[in-house]
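Scroll down for the structure; my scribbles are underneath it.
Note on naming: letters A, B, ... go to the chains in the order of the sequence lines (proteins, then strands), and numbering restarts at 1 for each one. Note that these values count all heavy atoms, side chains included, but never hydrogens, waters or copies made by symmetry.
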Amino acid sequence: MSPTQTRPRQYWLLKTEPQTFSIDDLRRAPKQTTPWDGVRNYQARNILRDAMAVGDGVLIYHSCAKPLAIVGRAEVTSDSYPDPSQFDPQNPYFDGAATAQNPRWFARDITFVEAFKRPVLRDVLAHLPQCADLPLLRRGSRLSVQPVAHAAWGLILALSEG
DNA sequence: GCCAACGTTGGC
DNA sequence: GCCAACGTTGGC
């Protein structure tokens, strides 16, 4: 946690395909922490780089999964830093246009907080007025790093507790 | 596996 | 700067 946090805590949602990286992978990661890297969309990049802050809350959503659901919670635990994968030619996320002086893509560390006892299903979210503004539920939305309003955050946590 | 929606690329 | 083509995402 930053001792100099200067704004109210904000909330975010991160999409991940569990066959690639799941909430259990995060739980079992060293220090229960992972770099959230490989993001190659400018809008998502901007959120990652500029909008997030240490201490912010993060919901983890499993896409391409059964069931589609928010499955747990994490916390932002680092400032943004250049995503190392953009510099590695062996990495699928390599970007030849990026340089150390002028990185294009950014990452942050996130740390496991809990796996929901009751994952909050997409089908349920879709019926909640408090969640109507979630980009997640917008038709055709592909944003993998997105904001979550306070009301939605509170409701989702309440639902996760049953 | 399908395909709609979206973002990016590149020719002009 | 337009826009068609293409690749990717991600629910269904």
With a cut-off of less than 4.0 Å, is there a side-chain N or O of [X] near OP1 or OP2 of [N]?
X	N	answer
A/Lys15	C/dT9	no
A/Arg122	C/dG11	yes
A/Arg142	C/dG10	no
A/Tyr42	B/dC6	no

Calculate the interatomic distance between [X] atom [atom1] and [N] atom [atom2]; express it in whole Å.
X	N	atom1	atom2	value
A/Leu134	C/dG11	CG	P	13 Å
A/Asn41	C/dG10	CG	P	9 Å
A/Leu14	C/dG10	CG	P	12 Å
A/Arg139	B/dC6	CZ	P	8 Å
A/Arg45	B/dT8	CZ	P	10 Å
A/Arg138	C/dG11	CZ	P	14 Å
A/Glu17	C/dG11	CD	C1'	12 Å
A/Leu143	C/dT8	CG	P	18 Å

- Let me see the working for A/Asp88 and A/Ser85 under side-chain hydrogen bond (donor to acceptor under 3.5 Å, both in side chains), right down to the final yes or no. CA-CA 5 Å; A/Asp88 176 6; A/Ser85 65; over 6 Å; no
- Query: Are A/Arg40 and A/Asp83 close enough for a salt bridge, meaning some N to O gap below 4.0 Å?
  - Reply: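 Salt bridge flag = yes for A/Asp83 with A/Arg40.
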- Task: For the pair A/Arg9 and A/Asp56, find out whether any cationic side-chain nitrogen is under 4.0 Å from an anionic carboxylate oxygen.
- Result: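 Judged by the 4.0 Å cut-off on N to carboxylate O distance, A/Arg9 and A/Asp56 do not form a salt bridge.
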- For this output row, return yes or no: ring centroids of A/Trp105 and A/Tyr42 closer than 6.0 angstrom.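 Yes.
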